[in-house]
Amino acid sequence: MNLQEKIEDLRKRTLSDLLSVADEKTLNNLRTVMLGKKGELTEILKGMKDLTNEERPVIGALANAFRDEFGAKFEAKKLEIEQAVMNAALESESLDVTLPGKAQKKGSRHILTQTQEEIEEIFLGMGYEIVDGYEVETDHYNFERMNLPKDHPARDMQDTFYITNEVLLRTHTSPMQARTMDAHDFSKGGLRMIAPGRVYRRDTDDATHSHQFHQIEGLVVDKNITMADLKGTLDLVMKKMFGQERELRWRPSYFPFTEPSVEVDISCFKCGGKGCNVCKHTGWIEILGAGMVHPNVLEMSGLDSSVYSGFAFGLGQERIAMLRYGINDIRGFYQGDVRFLEQFD
Ligand SMILES: [Zn+2]
(Lines give C-alpha, C1' and ligand atoms only; values in the text may rest on other atoms or scores of the structure.)
Protein backbone atom coordinates (compact mmCIF):
# COMPACT_ATOMS: atom_id res chain seq x y z
CA MET A 1 0.00 0.00 0.00
CA ASN A 2 1.27 3.45 -0.76
CA LEU A 3 0.62 6.31 1.63
CA GLN A 4 -2.54 7.38 -0.19
CA GLU A 5 -4.01 3.90 0.11
CA LYS A 6 -2.98 3.68 3.79
CA ILE A 7 -4.78 6.94 4.57
CA GLU A 8 -7.88 5.79 2.68
CA ASP A 9 -7.81 2.48 4.59
CA LEU A 10 -7.46 4.28 7.92
CA ARG A 11 -10.32 6.60 6.95
CA LYS A 12 -12.68 3.74 6.17
CA ARG A 13 -11.88 1.85 9.36
CA THR A 14 -12.16 4.97 11.48
CA LEU A 15 -15.50 6.08 10.02
CA SER A 16 -16.88 2.55 10.27
CA ASP A 17 -15.80 2.26 13.94
CA LEU A 18 -17.30 5.67 14.61
CA LEU A 19 -20.72 4.42 13.52
CA SER A 20 -20.85 1.74 16.23
CA VAL A 21 -19.54 3.91 19.10
CA ALA A 22 -22.18 4.32 21.83
CA ASP A 23 -20.42 6.15 24.67
CA GLU A 24 -18.20 9.17 25.04
CA LYS A 25 -15.23 7.29 26.47
CA THR A 26 -14.97 4.92 23.46
CA LEU A 27 -15.43 7.91 21.18
CA ASN A 28 -12.52 9.83 22.70
CA ASN A 29 -10.44 6.67 22.68
CA LEU A 30 -11.05 6.20 18.94
CA ARG A 31 -9.83 9.72 18.24
CA THR A 32 -6.64 9.16 20.24
CA VAL A 33 -5.86 5.81 18.61
CA MET A 34 -6.51 6.98 15.06
CA LEU A 35 -5.53 10.67 15.02
CA GLY A 36 -3.62 11.28 18.27
CA LYS A 37 0.07 12.23 18.57
CA LYS A 38 1.02 8.60 18.76
CA GLY A 39 -1.95 7.42 16.66
CA GLU A 40 -2.11 5.54 13.35
CA LEU A 41 -2.28 8.64 11.14
CA THR A 42 0.89 10.02 12.73
CA GLU A 43 2.57 6.68 12.05
CA ILE A 44 1.47 6.73 8.41
CA LEU A 45 2.61 10.32 7.90
CA LYS A 46 6.10 9.43 9.10
CA GLY A 47 6.45 7.85 5.63
CA MET A 48 6.22 11.33 4.08
CA LYS A 49 9.98 11.84 4.43
CA ASP A 50 10.46 9.35 1.57
CA LEU A 51 8.12 11.26 -0.75
CA THR A 52 9.02 13.68 -3.49
CA ASN A 53 8.36 17.39 -3.12
CA GLU A 54 5.42 17.01 -5.56
CA GLU A 55 3.82 14.10 -3.69
CA ARG A 56 4.15 15.61 -0.20
CA PRO A 57 1.39 18.36 -0.48
CA VAL A 58 -1.04 15.85 -1.99
CA ILE A 59 -0.67 13.49 0.98
CA GLY A 60 -0.77 16.46 3.38
CA ALA A 61 -4.05 17.67 1.85
CA LEU A 62 -5.49 14.14 2.04
CA ALA A 63 -4.56 13.84 5.71
CA ASN A 64 -6.10 17.26 6.46
CA ALA A 65 -9.31 16.37 4.60
CA PHE A 66 -9.53 13.17 6.66
CA ARG A 67 -8.96 15.13 9.89
CA ASP A 68 -11.71 17.63 8.95
CA GLU A 69 -14.16 14.91 7.95
CA PHE A 70 -13.49 12.99 11.18
CA GLY A 71 -13.72 16.17 13.22
CA ALA A 72 -17.20 16.95 11.89
CA LYS A 73 -18.45 13.40 12.34
CA PHE A 74 -16.84 13.19 15.79
CA GLU A 75 -18.77 16.31 16.97
CA ALA A 76 -22.03 14.96 15.52
CA LYS A 77 -21.51 11.64 17.25
CA LYS A 78 -20.63 13.34 20.54
CA LEU A 79 -23.87 15.34 20.39
CA GLU A 80 -25.83 12.18 19.59
CA ILE A 81 -24.34 10.38 22.62
CA GLU A 82 -25.00 13.33 24.95
CA GLN A 83 -28.58 13.46 23.75
CA ALA A 84 -29.02 9.74 24.36
CA VAL A 85 -27.56 10.05 27.87
CA MET A 86 -29.91 12.92 28.67
CA ASN A 87 -32.93 11.10 27.28
CA ALA A 88 -32.11 8.06 29.38
CA ALA A 89 -31.78 10.24 32.46
CA LEU A 90 -35.08 11.98 31.76
CA GLU A 91 -36.71 8.62 31.24
CA SER A 92 -35.48 7.18 34.55
CA GLU A 93 -36.08 10.35 36.57
CA SER A 94 -39.48 11.16 35.17
CA LEU A 95 -42.16 12.23 37.66
CA ASP A 96 -45.73 11.13 37.57
CA VAL A 97 -47.40 14.33 38.67
CA THR A 98 -50.74 12.56 38.92
CA LEU A 99 -49.56 10.36 41.82
CA PRO A 100 -51.21 11.31 45.15
CA GLY A 101 -48.91 13.24 47.50
CA LYS A 102 -47.78 12.19 50.95
CA ALA A 103 -50.09 13.63 53.58
CA GLN A 104 -48.24 15.92 56.01
CA LYS A 105 -49.05 15.39 59.69
CA LYS A 106 -50.46 18.63 61.00
CA GLY A 107 -50.02 19.56 64.63
CA SER A 108 -52.67 21.43 66.56
CA ARG A 109 -52.98 23.44 69.71
CA HIS A 110 -53.83 21.57 72.89
CA ILE A 111 -57.47 21.83 73.91
CA LEU A 112 -56.45 23.60 77.15
CA THR A 113 -54.47 26.16 75.13
CA GLN A 114 -57.46 26.69 72.86
CA THR A 115 -59.73 27.17 75.88
CA GLN A 116 -57.27 29.61 77.49
CA GLU A 117 -56.87 31.63 74.29
CA GLU A 118 -60.62 31.87 73.84
CA ILE A 119 -61.01 33.22 77.39
CA GLU A 120 -58.08 35.60 76.92
CA GLU A 121 -59.72 36.92 73.76
CA ILE A 122 -62.91 37.76 75.65
CA PHE A 123 -61.02 39.66 78.37
CA LEU A 124 -58.70 41.43 75.93
CA GLY A 125 -61.87 42.72 74.27
CA MET A 126 -62.87 44.27 77.59
CA GLY A 127 -59.53 46.05 78.05
CA TYR A 128 -57.91 43.61 80.47
CA GLU A 129 -54.16 42.99 80.44
CA ILE A 130 -52.82 39.43 80.51
CA VAL A 131 -49.99 38.77 82.96
CA ASP A 132 -47.72 35.76 83.44
CA GLY A 133 -46.74 34.45 86.84
CA TYR A 134 -44.20 32.18 88.50
CA GLU A 135 -45.06 28.53 89.02
CA VAL A 136 -42.43 28.42 91.75
CA GLU A 137 -43.70 30.96 94.27
CA THR A 138 -42.86 32.15 97.74
CA ASP A 139 -45.01 31.36 100.74
CA HIS A 140 -45.27 35.13 101.13
CA TYR A 141 -47.10 35.73 97.84
CA ASN A 142 -48.93 32.40 97.63
CA PHE A 143 -50.39 32.59 101.15
CA GLU A 144 -49.55 35.59 103.32
CA ARG A 145 -50.36 38.23 100.73
CA MET A 146 -53.59 36.35 100.02
CA ASN A 147 -54.64 36.91 103.63
CA LEU A 148 -53.48 33.45 104.73
CA PRO A 149 -50.95 33.93 107.55
CA LYS A 150 -48.93 30.92 108.63
CA ASP A 151 -51.34 29.76 111.32
CA HIS A 152 -54.46 30.33 109.21
CA PRO A 153 -56.75 27.26 109.25
CA ALA A 154 -57.70 27.77 105.60
CA ARG A 155 -54.17 26.75 104.57
CA ASP A 156 -55.42 23.22 105.14
CA MET A 157 -57.81 23.76 102.22
CA GLN A 158 -54.80 23.54 99.92
CA ASP A 159 -52.31 20.70 100.01
CA THR A 160 -49.06 22.29 99.04
CA PHE A 161 -45.85 21.03 97.40
CA TYR A 162 -43.17 22.78 99.46
CA ILE A 163 -39.65 23.11 98.07
CA THR A 164 -38.30 24.80 101.19
CA ASN A 165 -40.18 26.33 104.14
CA GLU A 166 -40.55 29.56 102.16
CA VAL A 167 -40.63 28.35 98.54
CA LEU A 168 -43.38 26.24 97.02
CA LEU A 169 -45.22 25.32 93.82
CA ARG A 170 -48.06 27.80 93.69
CA THR A 171 -51.40 26.32 94.72
CA HIS A 172 -53.39 28.95 92.83
CA THR A 173 -52.86 31.83 90.41
CA SER A 174 -53.96 34.28 93.14
CA PRO A 175 -50.41 35.41 94.05
CA MET A 176 -50.52 37.27 90.74
CA GLN A 177 -53.13 39.55 92.33
CA ALA A 178 -50.57 40.81 94.83
CA ARG A 179 -47.67 40.85 92.36
CA THR A 180 -49.66 42.83 89.78
CA MET A 181 -51.03 45.29 92.34
CA ASP A 182 -47.48 45.85 93.66
CA ALA A 183 -46.29 46.72 90.15
CA HIS A 184 -49.28 48.79 89.08
CA ASP A 185 -49.21 52.57 89.17
CA PHE A 186 -52.69 53.41 90.50
CA SER A 187 -52.12 57.13 90.02
CA LYS A 188 -52.56 56.42 86.30
CA GLY A 189 -55.83 54.53 86.69
CA GLY A 190 -57.36 51.25 87.80
CA LEU A 191 -56.15 47.71 87.19
CA ARG A 192 -57.85 45.09 85.03
CA MET A 193 -55.95 41.87 84.55
CA ILE A 194 -56.18 38.15 84.08
CA ALA A 195 -53.37 35.74 84.92
CA PRO A 196 -53.64 32.30 83.33
CA GLY A 197 -51.29 29.53 84.39
CA ARG A 198 -50.51 26.15 85.85
CA VAL A 199 -50.99 25.41 89.54
CA TYR A 200 -50.13 22.44 91.77
CA ARG A 201 -51.81 20.59 94.65
CA ARG A 202 -50.90 17.43 96.48
CA ASP A 203 -53.85 15.51 95.11
CA THR A 204 -53.94 11.89 94.09
CA ASP A 205 -54.65 11.76 90.37
CA ASP A 206 -57.99 10.27 89.41
CA ALA A 207 -60.75 11.06 86.91
CA THR A 208 -61.61 14.39 88.55
CA HIS A 209 -58.38 15.30 90.41
CA SER A 210 -54.91 16.14 89.16
CA HIS A 211 -51.78 17.25 90.99
CA GLN A 212 -51.45 19.96 88.33
CA PHE A 213 -54.16 21.95 86.60
CA HIS A 214 -54.79 25.39 85.16
CA GLN A 215 -56.49 28.49 86.48
CA ILE A 216 -57.24 31.91 85.14
CA GLU A 217 -57.12 34.52 87.86
CA GLY A 218 -59.04 37.71 87.26
CA LEU A 219 -58.66 40.98 89.16
CA VAL A 220 -60.14 44.45 88.83
CA VAL A 221 -59.13 47.16 91.31
CA ASP A 222 -60.18 50.77 91.05
CA LYS A 223 -62.19 53.39 92.90
CA ASN A 224 -65.88 52.53 93.35
CA ILE A 225 -65.78 48.93 92.14
CA THR A 226 -68.83 47.09 93.47
CA MET A 227 -70.35 43.63 93.45
CA ALA A 228 -72.56 44.82 90.57
CA ASP A 229 -69.42 45.19 88.43
CA LEU A 230 -68.43 41.61 89.26
CA LYS A 231 -71.91 40.33 88.39
CA GLY A 232 -72.06 42.25 85.13
CA THR A 233 -68.61 41.09 84.08
CA LEU A 234 -69.12 37.41 84.84
CA ASP A 235 -72.60 37.44 83.32
CA LEU A 236 -71.14 38.73 80.05
CA VAL A 237 -68.19 36.30 80.03
CA MET A 238 -70.28 33.22 80.85
CA LYS A 239 -72.83 34.07 78.18
CA LYS A 240 -70.06 34.47 75.62
CA MET A 241 -68.63 31.10 76.57
CA PHE A 242 -71.74 29.02 77.19
CA GLY A 243 -74.50 30.77 75.23
CA GLN A 244 -76.65 33.87 75.53
CA GLU A 245 -79.53 31.97 77.23
CA ARG A 246 -77.40 31.11 80.28
CA GLU A 247 -78.49 32.34 83.68
CA LEU A 248 -76.12 32.81 86.61
CA ARG A 249 -76.80 31.79 90.18
CA TRP A 250 -74.79 33.24 93.05
CA ARG A 251 -74.24 31.35 96.28
CA PRO A 252 -72.41 32.71 99.34
CA SER A 253 -69.07 31.02 99.90
CA TYR A 254 -65.73 31.50 101.64
CA PHE A 255 -62.28 32.34 100.33
CA PRO A 256 -59.68 33.96 102.63
CA PHE A 257 -58.79 36.63 100.05
CA THR A 258 -62.29 37.85 99.16
CA GLU A 259 -65.09 39.27 101.30
CA PRO A 260 -67.85 38.63 100.52
CA SER A 261 -67.12 35.49 98.54
CA VAL A 262 -69.41 33.69 96.10
CA GLU A 263 -69.65 30.49 94.11
CA VAL A 264 -71.19 31.04 90.70
CA ASP A 265 -73.32 28.47 88.92
CA ILE A 266 -74.64 28.66 85.36
CA SER A 267 -77.89 27.17 84.17
CA CYS A 268 -77.11 23.86 82.42
CA PHE A 269 -76.19 24.41 78.77
CA LYS A 270 -77.05 20.83 77.89
CA CYS A 271 -80.56 20.48 79.27
CA GLY A 272 -81.38 24.17 79.74
CA GLY A 273 -82.21 23.55 83.41
CA LYS A 274 -84.52 20.54 83.18
CA GLY A 275 -81.88 18.21 84.63
CA CYS A 276 -79.39 15.87 82.96
CA ASN A 277 -76.17 13.97 83.61
CA VAL A 278 -73.97 17.06 83.02
CA CYS A 279 -75.71 19.09 85.75
CA LYS A 280 -76.26 16.01 87.93
CA HIS A 281 -80.02 16.59 87.53
CA THR A 282 -79.94 19.92 89.37
CA GLY A 283 -80.21 22.18 86.31
CA TRP A 284 -77.14 24.13 87.53
CA ILE A 285 -73.41 23.75 86.95
CA GLU A 286 -70.83 25.04 89.43
CA ILE A 287 -68.45 27.09 87.30
CA LEU A 288 -66.25 29.43 89.35
CA GLY A 289 -65.40 31.16 92.61
CA ALA A 290 -65.26 34.92 93.01
CA GLY A 291 -65.71 37.78 95.43
CA MET A 292 -64.81 41.31 96.43
CA VAL A 293 -61.09 41.68 97.15
CA HIS A 294 -60.52 41.47 100.92
CA PRO A 295 -59.48 44.86 102.39
CA ASN A 296 -56.43 43.18 103.94
CA VAL A 297 -55.22 42.13 100.48
CA LEU A 298 -55.58 45.70 99.21
CA GLU A 299 -53.85 47.19 102.27
CA MET A 300 -50.91 44.77 101.96
CA SER A 301 -50.36 46.16 98.45
CA GLY A 302 -50.28 49.66 99.88
CA LEU A 303 -53.79 50.63 98.78
CA ASP A 304 -56.21 52.52 101.00
CA SER A 305 -59.18 50.14 101.22
CA SER A 306 -61.49 53.04 102.05
CA VAL A 307 -60.71 54.50 98.60
CA TYR A 308 -60.02 51.44 96.46
CA SER A 309 -62.08 48.31 96.05
CA GLY A 310 -62.01 45.43 93.63
CA PHE A 311 -63.29 42.05 92.60
CA ALA A 312 -61.48 38.83 91.84
CA PHE A 313 -62.43 35.51 90.31
CA GLY A 314 -60.83 32.21 89.39
CA LEU A 315 -61.71 30.02 86.43
CA GLY A 316 -60.51 26.48 85.79
CA GLN A 317 -59.59 25.68 82.18
CA GLU A 318 -59.91 21.93 82.70
CA ARG A 319 -63.35 22.25 84.25
CA ILE A 320 -64.56 24.50 81.44
CA ALA A 321 -63.15 22.22 78.71
CA MET A 322 -64.56 19.10 80.41
CA LEU A 323 -68.02 20.63 80.64
CA ARG A 324 -68.08 21.97 77.11
CA TYR A 325 -66.71 18.90 75.38
CA GLY A 326 -68.16 16.19 77.61
CA ILE A 327 -64.72 15.01 78.78
CA ASN A 328 -65.11 12.81 81.86
CA ASP A 329 -61.47 12.13 82.81
CA ILE A 330 -59.12 15.03 83.61
CA ARG A 331 -56.07 12.80 83.02
CA GLY A 332 -56.82 12.93 79.28
CA PHE A 333 -55.40 16.46 79.19
CA TYR A 334 -51.96 15.36 80.39
CA GLN A 335 -51.38 11.85 79.08
CA GLY A 336 -50.52 13.02 75.56
CA ASP A 337 -52.67 10.41 73.81
CA VAL A 338 -53.03 11.82 70.29
CA ARG A 339 -56.29 9.93 69.78
CA PHE A 340 -57.75 12.08 72.56
CA LEU A 341 -56.05 15.31 71.51
CA GLU A 342 -56.87 14.99 67.79
CA GLN A 343 -60.57 15.24 68.55
CA PHE A 344 -60.11 18.93 69.28
CA ASP A 345 -58.25 20.00 66.13
ZN1 LIG B 1 -78.35 19.58 82.60
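For this chain, numbers begin at 1 and follow the sequence in order. We count ligands from 1, going down the list as the structure has it; atoms in each ligand are counted the same way.
Looking at Arg170 and Glu217, no side-chain N of the basic residue comes within less than 4.0 Å of a carboxylate O on the acidic one, giving no salt bridge.
A centroid separation of 6.0 Å or more is found between the aromatic rings of His211 and Tyr334.
In this structure, the ring-ring contact (aromatic ring centres under 6.0 Å, His included) partners of Tyr128, at least two apart in sequence or on a different chain, are Phe123. The side-chain contact (heavy atoms from CB on, under 4.5 Å) test applied to Lys240 returns Ile122, not counting sequence neighbours. Every side-chain contact (heavy atoms from CB on, under 4.5 Å) that Glu93 has, sequence neighbours left out, goes to Ala89.
Protein N/O/S atoms closer to the Zn ion (ligand 1) than 2.8 Å number 4 in this structure.
By the 6.0 Å contact criterion, NZ on Lys150 is enclosed, its count of non-hydrogen atoms from other residues, nucleotides or ligands being greater than 12.
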